[in-house]
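Here the structure is laid out as structure tokens; the discussion comes afterwards.
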Number of protein chains: 2
Amino acid sequence: MTSPLDAAGRSLEDYPRPSVAVDTAVLTVEDGQLCVLLVRAADADDATAWRLPGTFLHPGEMLSDAVARSLRDKAGVTGLRPQQLRVFDDPQRDDRGWVLSVAHLDVVRADRIPTTARIRLAPAADVPELPFDHRDIIDVAVEALQKRYEASPDPFELMEPAEPDGSFTLRELRLTHESVAGRRLPPDTFRRSMRAELVETGRLSHGRRGKPAELYRRRTD
Amino acid sequence: MTSPLDAAGRSLEDYPRPSVAVDTAVLTVEDGQLCVLLVRAADADDATAWRLPGTFLHPGEMLSDAVARSLRDKAGVTGLRPQQLRVFDDPQRDDRGWVLSVAHLDVVRADRIPTTARIRLAPAADVPELPFDHRDIIDVAVEALQKRYEASPDPFELMEPAEPDGSFTLRELRLTHESVAGRRLPPDTFRRSMRAELVETGRLSHGRRGKPAELYRRRTD
DNA sequence: CTAATAGTGTCTATTAGACACTATCAC
DNA sequence: GTGATAGTGTCTAATAGACACTATTAG
């Protein structure tokens with residue numbers, strides 16, 4: 001890599017640079033509750049051992065790749081679509097030094113999170129004390145997630161499909177959205193607002209109590 | 001500053017770090033048109049000389065402070081409220097090396113921008129060719145600005161006050177919003193949607209053609 | 001007077017929520 | 001049958017846009 005000089009006659013290497021980290025709030029739904037994934041750090045005392053998974057950005061790496069790497073290495077979770085939230089840049093936020101953190105949101109089905117002693121899910125509405133500004137990151141992530149779910153049907157595919165072909169009933173979709181929103185949603189209004197983005201399969205869901213429900217699929221366009 | 005060791009036994013200084021820059025799309029309205037401020041770089045050939053003002057983040061500095069510093073030093077503009085947009089992180093985006101850019105939006109009245117040979121305003125809808133990903137930054141900034149203006153009356157105070165006490169007519173407010181939105185806005189609907197966030201002064205604007213208009217002020221709560 | 005601008009009344013279409021009602025299943 | 005769930009009809013309130021109408025000024 002070349003090191004051209006700037007207007008002051010110095011190259012990039014002559015300026016101090018910050019460490020850049022990514023920290024990710026991985027949100028999921030477990031037992032109808034919106035939860036965030038925490039990992040137990042090895043190099044910390046017990047009080048601040050649990051935190052969001054994160055890592056330092058490697059040379060030449062995209063932020064989204066760093067997120068994917070940290071989630072794979074620290075939580076055994078793969079195949080996600082990280083969404084950038086914002087940079088946390090308080091110079092005092094990390095007592096190890098000058099560290100910027102680019103906060104991310106990611107979402108995964110709970111059954112794809114391995115169960116180990118170093119991983120735990122905490123209800124997003126009631127997280128324990130966390131180091132750095134990880135609590136703020138979670139708040140921003142939850143807000144971003146709820147906004148996405150107001151606009152489209154289960155955009156992160158949190159819903160566990162009851163049907164083998166991936167189709168679902170409006171009830172299943174609504175329960176997922178209720179978990180994300182943290183409140184009940186009126187069934188009739190929910191149906192009408194989501195139906196424009198769904199296609200009927202023509203098949204029905206049987207085996208449960210009550211009238212069989214139509215099975216829908218997401219619109220593919 | 002101490003340099004504690006991490007899990008791998010290395011301190012932060014042992015890892016390569018990126019340069020972190022801020023680049024800011026300073027938007028303004030001139031002659032009823034939404035414009036972006038460009039500065040002429042000294043260390044570039046003519047084709048890519050014009051660009052968004054930016055700078056490298058200094059140690060211990062907040063991003064918003066770096067934005068304020070770059071705008072003061074490069075464009076002679078002060079007193080703004082930068083809003084973070086997002087990080088541009090393509091490893092190839094800057095051929096000088098590994099440089100992340102945190103894009104920002106800021107807004108200033110055109111009469112507060114000095115006129116020099118190193119500064120120019122370009123219509124946001126028709127910017128010239130720009131280096132790096134500065135064109136993308138402008139697009140994101142314009143979108144963010146338009147969204148803010150849909151929700152509240154001139155939140156960045158772009159409007160040039162005709163009255164010495166800062167009050168204004170709904171026509172003046174609407175013309176400012178039309179410049180930002182890039183299209184005409186229906187006067188009656190605009191009035192009704194903005195009135196909840198305004199307070200009447202009880203005074204009237206005289207001296208122009210037509211019926212005198214009521215003078216309003218922004219709600220202070 | 002006329003042209004221009006300010007401001008209001010009101011109609012329509014759309015939407016979210018509320019609520020009642022019918023439909024169809026398990027049991 | 002009963003109870004539960006699915007789905008629809010429809011009323012209301014709120015809202016944006018369209019459009020007509022009145023009000024008040026400059027010139």
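In the text below, chain A, chain B and the rest are named by the order of the sequence lines, each starting its count at 1.
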- Choosing from D/dA6, C/dG7, C/dC25, which nucleotide comes nearest the side chain of B/Glu214?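 It is C/dG7.
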- Message: Heavy atoms from C-beta onward define the side chain here; which of C/dG7, C/dA23, D/dA18 lies closest to that of A/Lys211?
- Response: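 Closest of the options to the side chain of A/Lys211: C/dA23.
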- With sugar-phosphate meaning primed atoms plus P, OP1 and OP2, does B/Arg171 contact a base, only sugar-phosphate, or nothing at under 4.0 Å between heavy atoms? sugar-phosphate
- Message: Please determine whether a side-chain nitrogen or oxygen atom of A/Arg195 lies at a distance below 4.0 Å from atom OP1 or OP2 of D/dT8.
- Response: yes
When the distance from [atom1] of [X] to [atom2] of [N] is rounded to whole Å, what number comes out?
{"X": "B/Leu175", "N": "C/dA6", "atom1": "CG", "atom2": "C1'", "result": "13 Å"}
{"X": "B/Arg174", "N": "C/dA4", "atom1": "CZ", "atom2": "C1'", "result": "13 Å"}
{"X": "A/Met194", "N": "C/dA16", "atom1": "CE", "atom2": "P", "result": "10 Å"}
{"X": "A/Asp188", "N": "D/dA6", "atom1": "CG", "atom2": "P", "result": "12 Å"}
{"X": "A/Leu198", "N": "D/dA6", "atom1": "CG", "atom2": "P", "result": "15 Å"}
{"X": "B/Phe168", "N": "C/dA6", "atom1": "CZ", "atom2": "P", "result": "14 Å"}
{"X": "A/Glu150", "N": "C/dT15", "atom1": "CD", "atom2": "P", "result": "16 Å"}
{"X": "A/Leu204", "N": "C/dA26", "atom1": "CG", "atom2": "C1'", "result": "15 Å"}

- Item | Under 3.5 Å side-chain donor-acceptor pair for B/Thr176 and B/Asp154 |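 No, no side-chain donor-acceptor pair sits under 3.5 Å.
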- Taking atom CD of A/Glu143 as the centre, does the number of heavy atoms from other residues, nucleotides or ligands within less than 6.0 Å exceed 12? no
- Message: Base of C/dT5, side chain of B/Arg191 - is there a donor-acceptor contact under 3.5 Å?
- Response: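 There is none.
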- Message: Under 3.5 Å, is there any donor-acceptor pair linking the side chain of B/Arg192 to the base of D/dG17?
- Response: no
- Query: Quick one: on DNA chain C, does A/Thr189 or B/Leu170 contact a more 5' nucleotide (nearest heavy atom)?
  - Reply: B/Leu170
- Message: Working note: B/Glu61 + B/Arg69, criterion salt bridge (charged side-chain N to carboxylate O under 4.0 Å, His left out); need CA distance, chi angles, decisive distance, verdict.
- Response: CA-CA 10 Å; B/Glu61 190 179 41; B/Arg69 177 169 54 78; 2.9 Å; yes
- Item | Upstream residue (5' side of DNA chain D) when B/Gly210 and B/Ser193 are each assigned their closest nucleotide |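 Whichever sits nearer the 5' end wins; that is B/Ser193.
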- Task: Scan every strand shown for a Watson-Crick or G-U wobble partner of D/dG27, both distances under 3.5 Å, and answer none if you come up empty.
- Result: C/dC1
- Item | Aromatic A/Tyr216 / basic A/Arg218 pairing, under 6.0 angstrom, 45° off normal |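 Verdict for A/Tyr216: no cation-pi partner in A/Arg218.
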- Query: In this structure, which one of A/Phe168, A/Tyr149, A/Phe156 forms a ring pair (Phe, Tyr, Trp, His ring centres under 6.0 Å) with A/His177?
  - Reply: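 That would be A/Tyr149; it is the only one of A/Phe168, A/Tyr149, A/Phe156 passing the ring pair (Phe, Tyr, Trp, His ring centres under 6.0 Å) with A/His177.
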